[in-house]
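Worksheet: one structure, shown below.
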Amino acid sequence: MQLRRIIPWIMLAVLLVLPPVLPRYYLYLLASIFVIALLATSLNFILGFGGLLQLHHAVFFGVGAYTFSILLLKTPLPFVVAVVAGPVAAAFTALLIGWFCVRSRGLYFGMLTLALGQLVWAVIFRWSALTGGDDGLHGIPVPEVFNSLKTAYYVTLTVLTVCLAVLYLILKSPFGLTLMATRDNPVRSESVGINIRRHRLAAFVIAGFFAGIAGVLFVLVEKSVSPSLLSWSKSAEIMIMCLLGGLTTFYGPALGAGIIVFLSMKVGTYTEYWLLVLGIILLVLVLVLPQGILGFLAEKYSGRGGDKGGWGKDASG
Amino acid sequence: MRKRFNLHYLAWTVIVMLVFGVLLTGCGQATPPNNSGAAGSGGSKFKVKVGYIDSLSGPAAAYGKSTEAGIKIAIDEVAKAGGPTIELVERDDSFKPDLAEASAKELVMNQNIDILVGTINSASALAVSKYAKDNKVLFINSDSMSEKITGAQGHRYVFSIVGNTAMIGKAGAYQMSKMPYKRYWLAGSDYEFGHSVVNSVWTNLQQMKPDVQKINESWWRVGESDFSSYINAIRAAKPDAVYVGSGGGDTVAFLKAINQSGLNKEVPIFIHAATDHDSLRPLGQDAPEGVYGTAFYFNYFPDNAMTKSFGEAYKKVTGNYPGFAGLNGYLTIKFLAAAIDKAGSTDKEKIIDALEGLSLDTPVGKGTIRKEDHQLMLPMVFGKTVKSANLPYLITTDNVLIPADKIMPSVEEVLKTRKK
Amino acid sequence: MLQVKQVAKAFSGFQAIAKADLTVPKGQVVAVIGPNGAGKSTLFNLITGHLRPDKGHILFKGEEIGGLSAHDICRKGVARSFQLINIFPRLNTFENVQVAVLARYRKTNKLFTPARKLVVEETNDVLHKLGLIPYRERLCNSLSYGDQKVLELAIALGSQPEILLLDEPTAGMSPEETRTIVKLIKNLAQNEGLTILLTEHDMDLVFDVAERLMVLHQGQTIAEGSPEEVRRDKAVQNAYLGETG
Amino acid sequence: MDAGALGSQLVLGLSRGMLYFIVAAGLTLVFGVLRIINFAHGSFYMLGAFLSFTVTEMMGKQNPNGFWLALVVAPLVVAAFSIMIERGLLRFVYGQEHLIQMLLTYSLVLIFGDLVKMVWGTEFKSVSVPGIFIGNLSLAGIIIPVYYVFMLVVGPLVALGLWLFLTQTVTGKICRATATDRQMVDVLGINSTRVFGTVFALGGWLAGLGGALMAPMVNIGMGMDTSMVVYAFLVVVVGGLGNIWGTLISALILGVAEALGVLFLPNLAIVVPYVVIGILLIIRPSGLLKSVW
């Protein structure tokens, strides 16, 4: 129990002192892992803790990234405004999509997020005057300081840490407790006076907001955007990260993101069949380790965490 | 309970073994296959690592794989002829621009490579180009036909070996302006490539032949499976001619639909790359006759020794004759190798200087890299599809070589787009 | 306090409730009885807003609540327990009740205050009342069946209702556990002055705790009144008591 | 705008709708009975097309019987694959959550994508239309390619076959009952998982049939799985998840809407289906017909 509390702090300390000794490339790789880790954690906020089948989370990531890029590239608005606008636009998109989706439950919710997410994708793909269509936007003029990999590393790490802390606080707050209650038992939640639709919508918007932050970070690191950011294969990839790390655990998705991003790079250097490898990993995971790595460890070394029933049995209710 | 845990250990073992297995088997293949016969001849003293990023899987894999084959053939040829030894480091971007950019960074930062080539996806090429600019590494665009690469977003560190949408449009308009048709229907795949080709054709055609009219335009989604309703709408409008700007896979499918509907017998149709071998070969005898098309390359025209030798070399490796994507890869390496020899160095800045204005003989004729915008100027070919007497697929007839100066946008025009 | 008037509900052709009437006076314990499939659970679901009545009125303190959503009805002061265990399996006992208390105080939207510092006293109060304090930190799917049933009740009490609906509170319980529950119910009614509406199989229990009965048969109210009146009612004897002997 | 063009467009729209229906029907059937969102449906479709290519190649490219043989063989092989997947993999996750089941099918998408690339390579491929289907049929100013007439026959035949299967056979009846009320079926002592294999195979067969039917019209290559499966999902959602007749209606609406969009708004045709889908979803968020959900 003690150890579990300390590990995140140790990780943070190690990551803080790493840059001087790390080769450039690994700084970059870690920075992009931080971005994806935030994205995956924001998904897990509603998927693992809210029990909502969000099948197209990359949409909010993309909307955040695109809003930020377009404002920087095509308007004279100051950097700070663009930084704020990205997540806000993502949250607003989440509000729109969520408003339709929370009326249905379980798989139907999932299908609607998928369908509506594809609509957003189509808009971005089509509206080439604004978004550059499938060519994307490149050379986003982010302030000079972000051109240094070290800055990018520390900025992404700081934002990730702060966002994880905030998400953690939210999960431990009455809002989070209630969210988990609606996941565990929607019917009962209603009958103790929780407006589950509104509560789920709020959670959906929060998750969209944090995905938007990840989108902004992505642009800071990569300085370009393209519609593939909000393709559904991207969404599936994030879901795989959550599953790999453990859906019922808080740090699982971040761990999963680290593993998948790192592996995709490593495997990519040896073979063009990375997707096959990913598919096999996923298959094995689903069949024998559905509670994920951290879920498994939690189950093994302490009572709570990845519990037997697994995830979201009642989410379909 | 016991059984459950055993299962978990099994899972862990399988995952760990899988990961290591992939890493290990990968290591075996990691050495590039092309430098075997090279060093022996004691030729050039230059050795260089080139990073190659392309879509080797995903919807455009057909072109990526074809370019890859062209590149490998050129590497062998260059080495045998005593040129630089080129070690190719490949990365698959699966048609995803974010993956392409990440791969570029990995190649540059982790593998210490400062020459990159690729990629069929325009967004990938633009992203890699931008990264190359910021980090002062050389990027030679081998496949992407976006005119932004050497146009609006061009810079010192990017070169393009393949023709672009502006050139395609100008070449198409040049040929169409010689024909009597006035009322046009425009159509295409609804994405950047389709729109820029059609725009370029239409603006150029209006300049060359002011009395042309556009009846309407129609756009289908990339990967459309059913063209009958589009063909019916075109048929109903009774245009004099149709111009189509469609992506690779869509071109094949659209040609098939033309053949089934017989539209080619009612109205002249112009499609860029409809005459390309990669579009016609898959269709066998099911391709429509009489469709006009510009292309970057025919493997049988102009009939010269280089055309033949490259065609045969490519066929030996892949089993098929090459289309334009194969030539792209081939020319990319040829120009790079020539530049290294000319520069007498593998220093990227010197290679860039050497590439500027470099001329080489190619299967399509003499090609020169324009100094000002780093775009390769190469003639284009134009022809009309026809059934072949002895081949199982269609070829072209009435072939024309469109000289490079007729299809290149002027330097001023290009540099003006960069100012904006 | 609660009035059900001429309520009807059908499920794709099947008339679950044809014509139900019920009056629950303030401070009384009222029981709805009837054979299996008489529509007792459906009636409960109609009152608590999990289902929407096709016809008729449901009045709570003179205010129409028929057709309102479940959470709105709960906020007006109607809480219920469920026949089958219906708790939050992956929260601990304390949190299970805390959720209800938080909802009662409209504090579920607080984002940044740690939940463990909020409404602790109120929650502990409820746990104490039902003797669940020893299990405070236990993950509730590790509790015994009987304790889970008690927790079920505790969650309902967490909403601090004015009227409590108990759907088969002793279903599946051992005689000893049943006695505990009966004691709890009596205690709630007498000491807390809570109005209680319950359905129950165990007739001894019903006649022990209920001050008023309503008999539902094939979706219709066939009798309503004091236990003695109902016991003497001919229709009831035919329809219900007669069958069970 | 002459009436002939409008008429042709309507008929073409219907035939396009039939195509969507054939592919989407399997998806919705599997969803209704197994409650699994089968992402691998697109892979089955792709497999059907590639198998059809192989069969026609083996028969000789110009042999008209190749097409017919492919139409029989390809769907059956895909169905066989489906059974293997159901028995070998899916079976073990029936007790699991939706997400887990869904991700299992997604892993198949990844695996099949690369396996197809390994087996068939990346070059574009094409299947010939048999000679009798080349050309147009002309009737009262309405011009339709013969192959589309064929589609217009096959589509309703498939629908009819499904209807007969679901209403006249015991397995079909169990399927319908399972889709409507799983619990009730279990209470009646019918082991509902028993029909899962059959249904999954049927779903695979339909996808394979779709692939084989589309093969003569499309360019067979990488990526045809995902471009189709997303579209099929939209059709299924609009129709009402799990409801085959809803899928039929929504497929036809979308097909006709698209065809009319091409005629009247040719430069915006691509957004028409999305607008239609958006409107339908706003009007009926849970699909056109009552979903079994």
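Letters A, B, ... mirror the listed sequences (proteins, then strands); counts begin at 1.
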Subject >> Rounded distance [0.5 Å steps], CG in D:Leu265 versus OG in B:Ser218 >> reply: 11.5 Å
**OP:** Starting at CG of B:Asp226, measure out to CG of D:Leu12 and round the result to the nearest 0.5 Å.
**Re:**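 The CG atom of B:Asp226 sits 7.0 Å away from the CG atom of D:Leu12.
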Region of [X] in contact with chain B, defined by heavy-atom distances below 4.5 Å:
{"X": "D:Lys117", "result": "side chain"}
{"X": "D:Ala215", "result": "backbone"}
{"X": "D:Phe124", "result": "both"}
{"X": "D:Met217", "result": "both"}

Original post:
For D:Thr122 and B:Lys65, which heavy atoms make the closest approach, and how far apart are they?
Top reply: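 Reported closest heavy-atom pair: OG1-CG, 3.2 Å.
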**OP:** Among the options D:Ser126, D:Gly121, D:Gly223, pick out the one with the most heavy-atom pairs lying under 4.5 Å from chain B.
**Re:**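 Highest number of pairs under 4.5 Å: D:Ser126.
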Subject >> Pairs of heavy atoms under 4.5 Å with chain B: top-ranked of D:Ala269, D:Ser128, D:Ala259 >> reply: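 The option with the most such pairs is D:Ser128.
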Compare all side-chain heavy atoms of [X] with those of [Y] and state whether any distance is below 4.5 angstrom.
{"X": "D:Arg16", "Y": "B:Ser228", "answer": "no"}
{"X": "D:Lys125", "Y": "B:Pro282", "answer": "no"}
{"X": "D:Asn136", "Y": "B:Arg235", "answer": "yes"}
{"X": "D:Glu123", "Y": "B:Arg281", "answer": "yes"}
{"X": "D:Val262", "Y": "B:Trp220", "answer": "no"}
{"X": "B:Ser225", "Y": "D:Met214", "answer": "yes"}
{"X": "B:Gln260", "Y": "D:Phe133", "answer": "no"}

Whether the side chain of [X] engages the backbone of [Y] through a donor-acceptor N/O pair (distance < 3.5 Å, no angle test) should be reported.
{"X": "B:Asn216", "Y": "D:Pro266", "answer": "no"}
{"X": "D:Asn219", "Y": "B:Asp250", "answer": "no"}
{"X": "D:Gln9", "Y": "B:Tyr230", "answer": "no"}

Subject >> Other residues, nucleotides, ligands: >12 heavy atoms within 6.0 Å of B:Leu391 CG >> reply: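 Atom CG in B:Leu391 is crowded, with more than 12 foreign heavy atoms closer than 6.0 Å.
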Original post:
Does the cation-pi check pass for B:Arg221 over D:Tyr274, that is, NZ or CZ under 6.0 Å from the six-membered ring centre and within 45° of its axis?
Top reply: no
Subject >> Region of B:Phe227 that comes under 4.5 Å of a non-hydrogen atom in chain D >> reply: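 It is the backbone, since no side chain atom gets that close.
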